[in-house]
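Below, chains carry the letters A, B, ... as their sequence lines are ordered, and counting in each starts from 1. This one's a predicted model, so the numbers in the text were calculated from it and none came from an experiment.
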Amino acid sequence: MRIGKGVNLFDYVKAHKLKNVIAAKVDGKIVDLNFTLDKESDVEFIDIDSKEGLEILRHSAAHIMAQAIQTLFKNAKFAIGPAIENGFYYDVDVGRPLTQDDLKAIEIQMKKITAANYPFARTNVSKKEALRLFKEKGDEYKVEIIESIPDEQVSLYQQGDFVDFCRGPHIPSTNYLKHFKLLSVASAYFRGDETRPSMQRIYGTAFATKEDLDNYLNFLEEVKKRDHRKLGKELDLFSINDDVGAGFVIWHPKGAMLREIIETFEKKEHLKRGYEFVRGPELLKTQLWKVSGHYDNYRENMYFTEIENVSFGIKPMNCLGHIQVYKSRLRSYRELPKRFFELGVVHRHEKSGVLHGLLRVREFTQDDAHIFCTKEQLNDEIIGVLDFVKYAMDIFKFDYEMEISTRPEKSIGTDEDWENATNALINALENTKRPYQINEGDGAFYGPKIDVKLKDAIGRKWQCATIQCDFTLPERFNLEYIDKDGLPKRPVMVHRVILGSIERFIAVLIENYAGDFPLWLAPIQARVIPVSEKFDNYANDVYEQLKKAEIRVDIEKRNETISKKIRYAELEKIPYVLVVGQKESEKNGVSVRKRKEGDLGLLSIDEFITKIKNESGGVL
RNA sequence: GCUGGCGUAGCUCAAUGGUAGAGCAGCUGACUUGUAAUCAGCAGGUUGGGGGUUCAAGUCCCUUCGCCAGCUCCA
């Protein structure tokens with residue numbers, strides 16, 4: 001809206017009772033609410049619960065936190081305190097590590113500050129003046145930050161006795177901040193540089209309403225509850241232990257079964273789509289990794305060993321093996337495209353600090369395939385892969401987003417190659433009729449790519465499929481096929497995964513379902529529970545029949561009350577419990593209890609088998 | 001890798017520098033069970049590993065391994 005010269009926006013908002021407004025955009029520039037128009041302007045008010053509003057609120061929360069810290073720690077020195085995606089942080093140096101108790105104290109102090117309702121006052125000063133001020137305060141980090149700013153005029157914000165160097169804008173006064181919480185503290189380096197002093201980074205979050213804050217805190221609780229490392233232990237799926245080594249997963253029977261189910265699904269689907277199974281060795285001569293370029297570009301992440309004085313590298317990717325299959329004989333245009341698939345086990349050296357459950361490991365299995373095709377076939381091949389992605393995501397009931405990354409500054413290949421491949425990817429994306437995002441210049445140096453990110457049950461995004469065109473490897477390995485005209489031509493190579501890493505995907509599944517796997521994925525689908533030891537024989541009988549019908553079943557023979565045995569089964573999240581006793585043995589049936597739903601009554605064994613087969617949707 | 005926190009029974013967690021404990025799980029026995037925890041008993045440990053301080057170390061110090069969080073989203 002147009003507002004005339006000389007109007008103070010804060011007064012305007014007050015006069016018009018615009019309740020949620022905390023800042024404004026004047027002719028497109030964000031300003032504090034306490035801003036007086038120097039000419040008639042276009043004004044757009046920013047609400048506290050908008051994206052920009054929240055950012056301002058959180059940034060101000062960071063300042064208020066800094067003020068609280070200054071009160072509690074007289075010698076505190078400050079670095080930066082920005083708003084981030086779900087909150088804010090401030091890097092401070094108080095001469096010692098901070099504890100949870102410190103956080104509580106800081107939070108209490110912040111409440112006092114918000115209650116006091118100090119206005120945020122902006123002053124414009126020269127850079128020189130700002131430097132003098134922060135030098136006087138002994139805030140050496142701030143001094144360094146100010147020195148790195150090119151502008152001669154800078155701004156300061158003050159609330160109460162706390163002054164900070166800041167671009168703003170901020171909320172009008174401290175009691176605009178009502179719903180906030182400090183979350184955690186960890187060390188971080190000044191400017192992220194490990195040669196610089198280590199500081200304490202305090203994370204917090206702030207929202208427009210109590211409800212939003214509570215929702216977010218609940219979300220964090222939910223994330224904790226779903227942690228695949230915790231559930232993996234509780235459900236006895238896998239373990240990672242020190243004697244074996246960090247980043248190496250040990251799969252227990254139920255976890256291994258989960259893998260098996262997914263891998264069987266993968267194999268079936270790949271065969272359907274014209275892929276052929278291949279298998280390369282784990283170790284390949286280092287010389288070959290030099291040819292591929294991995295030795296120059298990826299050596300840091302590889303493991304090497306020596307056999308009879310010859311150096312070998314453990315594969316971090318499967319492409320070299322697949323290339324060897326392609327190269328094993330002369331190829332004709334008639335047999336292209338070749339689609340080579342392998343559930344390939346790869347090893348990558350990840351730094352110890354970044355290892356994380358199944359999400360970041362040092363050995364994992366990729367559902368990896370390489371497609372060798374002609375330039376003309378590229379388009380259809382990418383369409384085929386995206387179709388496969390959609391099919392797989394539908395089966396697992398995941399929604400997903402796609403991104404395409406185009407040619408970066410540093411790249412190899414001709415303009416024509418890039419254009420051809422990028423067009424093929426875009427065409428395929430268009431063909432899906434789904435929205436996608438374009439990341440200009442974000443591609444790998446050897447070709448453009450599509451990334452797929454799935455969305456889980458609580459809205460988190462996880463990278464799964466990637467599809468990458470590659471112009472280097474066919475070149476480096478001199479791959480050819482004989483075309484119609486009898487002349488050798490170079491094929492295009494596409495690297496692609498659908499689920500990505502099986503380990504990572506299982507972590508996502510565990511967190512997505514919170515361990516409550518749907519029937520077709522449940523490692524154990526049904527558990528037979530005899531009412532008492534007297535019915536062990538009949539229970540065995542039922543168990544054998546279900547086994548024969550290829551149902552994943554086990555049997556609970558502990559001498560306990562059925563209530564307790566049912567409790568165990570519920571805790572283990574087993575979809576069906578089959579109680580058997582006198583009644584059931586007489587009728588050759590089972591009493592079916594469904595997880596979370598309770599008793600479904602008595603069914604014959606055949607009826608139950610039919611029911612469970614129908615319910616798993618015939619997927620597996 | 002770096003910084004900080006943590007590491008006690010299979011699991012979850014107790015224990016002022018002063019005899020390492022509980023619940024669950026396990027084993028044994030009793031009970032013979034009808035839809036989310038029956039009762040009793042037994043066993044379970046070089047307190048992550050190594051070194052040191054001390055009359056005395058789970059506790060304090062050093063070192064090593066592992067786990068957890070973080071390590072620019074740039075006033």
Inset, instruction - Sort out the partner of G66(B) for me: Watson-Crick or G-U wobble, both distances under 3.5 Å, none otherwise. - result: C6(B)

Legend entry - Short side-chain N/O contact from K230(A) to OP1 or OP2 of C11(B), under 4.0 Å: no

Inset, instruction - Locate the shortest heavy-atom distance separating I113(A) from T174(A); write the atom from each residue and the value. - result: O-OG1, 2.9 Å

Inset, instruction - Can you figure out which of A36(B), U38(B), U33(B) approaches the side chain of K564(A) most closely? - result: U38(B)

Inset, instruction - Please find out if less than 6.0 Å separates the ring center of F134(A) from that of F78(A). - result: no

Inset, instruction - Determine the contact category for V185(A): base if any of its heavy atoms lies under 4.0 Å from a base atom, sugar-phosphate if only primed atoms, P, OP1 or OP2 are that close, otherwise nothing. - result: nothing

Inset, instruction - Taking atom C1' in both C24(B) and A14(B), compute the distance separating them and give it to the nearest angstrom. - result: 15 Å

Inset, instruction - Please measure how far the P atom in G58(B) lies from the corresponding atom in A15(B), and state the result in whole Å. - result: 15 Å

Inset, instruction - Establish, from distance only, whether the side-chain atoms of Y141(A) and D91(A) form a donor-acceptor pair under 3.5 Å. - result: no

Inset, instruction - Examine the base of G34(B) for any acceptor or donor lying under 3.5 Å from a partner atom in the side chain of S591(A), and report the outcome as yes or no. - result: yes

Inset, instruction - Verify the neighbour count for atom NZ of K137(A): are there more than 12 heavy atoms of other residues, nucleotides or ligands below 6.0 Å? - result: yes

Legend entry - Residue-phosphate contact under 4.0 Å: R558(A) side-chain N/O, G26(B) OP1/OP2: yes

Legend entry - Side chain of Y203(A) (C-beta onward), nearest among G70(B), U35(B), A25(B): G70(B)

Inset, instruction - Please state the C1' separation for the pair G66(B) and U19(B) - nearest whole angstrom. - result: 31 Å

Legend entry - K534(A), nearest nucleotide to its side chain (from U32(B), C74(B), U35(B)): U32(B)

Inset, instruction - Look at the side chain of L571(A) and decide which nucleotide, out of A25(B), A36(B), U38(B), has an atom nearest to it. - result: A36(B)

Legend entry - Phosphate OP1/OP2 of A36(B) contacted by R593(A) side-chain N/O (<4.0 Å): yes

Inset, instruction - Using the C1' atom as the reference point in each nucleotide, state the distance between C13(B) and U47(B) in Å, no decimals. - result: 14 Å

Inset, instruction - Could you check how far CZ of R360(A) sits from P of C68(B), rounded to whole Å? - result: 13 Å

Inset, instruction - May I ask you to check whether F608(A) and Y576(A) place their ring centres under 6.0 Å from each other? - result: yes

Inset, instruction - Return yes if the base of G34(B) and the side-chain atoms of E584(A) contain a donor-acceptor N/O pair under 3.5 Å, otherwise no. - result: yes

Inset, instruction - Under 4.0 Å between any heavy atoms, over every strand shown, what does Y157(A) touch: base, sugar-phosphate, or nothing? Just pick one. - result: nothing

Inset, instruction - Could you tell me whether the side chains of R191(A) and S148(A) share a donor-acceptor contact shorter than 3.5 Å? - result: yes

Inset, instruction - Could you please name the option among A69(B), C74(B), U72(B) that lies closest to any side-chain atom of Y89(A)? - result: U72(B)

Legend entry - Between C74(B) (C1') and F88(A) (CZ): distance, integer Å: 18 Å

Inset, instruction - Send over the distance from R527(A) CZ to G34(B) P, rounded to a whole Å. - result: 19 Å

Inset, instruction - Please tell me which of the listed nucleotides, U32(B), G4(B), C73(B), lies nearest to the side chain of N559(A)? - result: U32(B)

Inset, instruction - Could you please name the partner base of G45(B), counting Watson-Crick and G-U wobble pairs only when both distances are under 3.5 Å? - result: none

Legend entry - Complementary nucleotide for U53(B) - Watson-Crick or wobble, under 3.5 Å: none

Inset, instruction - Between U12(B), C67(B), C71(B), spot the one nearest the side chain of A246(A), thanks. - result: C67(B)

Inset, instruction - Identify whether any heavy atom of I566(A) sits under 4.0 Å from a base atom; if not, whether one sits that close to sugar-phosphate; answer base, sugar-phosphate or nothing. - result: base

Legend entry - C68(B) OP1/OP2 closer than 4.0 Å to side-chain N/O of R229(A): yes

Inset, instruction - To the nearest Å, give me how far apart CD (E234(A)) and C1' (U12(B)) are. - result: 10 Å

Inset, instruction - With P as the reference atom in both, quote the distance from C62(B) to A9(B) in angstrom, rounded to an integer. - result: 24 Å

Legend entry - Euclidean distance, atom CG of residue L231(A) to atom P of U12(B) [Å, nearest integer]: 13 Å

Legend entry - Watson-Crick/G-U partner (both atom distances under 3.5 Å) of C39(B): G29(B)

Inset, instruction - Report the nucleotide, chosen from U33(B), C11(B), U32(B), that has the shortest atom-to-atom distance to any side-chain atom of E533(A). - result: U32(B)

Legend entry - Integer-rounded Å distance: U32(B) P and E556(A) CD: 20 Å

Legend entry - F364(A) backbone acceptor or donor facing E503(A) side chain under 3.5 Å: no

Legend entry - Nearest-Å distance once atom P is located in both G21(B) and U3(B): 38 Å

Inset, instruction - Could you work out the separation of G41(B) and G5(B) based on their P atoms and round it to a whole Å? - result: 43 Å

Legend entry - Under-3.5 Å donor-acceptor pair between S187(A) side chain and U3(B) base: yes

Inset, instruction - Calculate the interatomic distance between Y576(A) atom OH and A36(B) atom C1'; express it in whole Å. - result: 18 Å

Inset, instruction - Mind calculating the distance between CE (M199(A)) and P (C71(B)) to the nearest angstrom? - result: 14 Å

Legend entry - Touch class at under 4.0 angstrom, heavy-atom based, for S184(A) against every strand present: nothing

Inset, instruction - Answer yes or no: does a side-chain N or O of H356(A) lie under 4.0 Å from OP1 or OP2 of C67(B)? - result: no

Inset, instruction - Ignoring hydrogens and angles, state whether a donor on the side chain of E403(A) or N439(A) is under 3.5 Å from an acceptor on the partner side chain. - result: yes

Legend entry - Check: W289(A) side chain, G313(A) main-chain N or O, donor-acceptor pair, under 3.5 Å: yes

Inset, instruction - Establish, with yes or no, whether the OP1 or OP2 oxygen of C71(B) is under 4.0 angstrom from a side-chain nitrogen or oxygen of R201(A). - result: yes

Inset, instruction - Rounded to whole angstrom, note down the C1' distance from G7(B) over to G45(B). - result: 15 Å

Inset, instruction - Report the nucleotide, chosen from U32(B), A69(B), G70(B), that has the shortest atom-to-atom distance to any side-chain atom of A188(A). - result: G70(B)

Inset, instruction - Looking only at side-chain atoms of K583(A), point me to the closest of C73(B), G34(B), C11(B). - result: G34(B)

Inset, instruction - Using a heavy-atom cut-off of under 4.0 Å over every strand shown, decide if Q200(A) touches base, sugar-phosphate, or nothing. - result: nothing

Legend entry - Base paired to A20(B) (Watson-Crick or G-U; both N/O distances under 3.5 angstrom): none

Inset, instruction - Report the base-pairing partner of C73(B) (Watson-Crick or G-U wobble, both distances below 3.5 angstrom), or none. - result: none

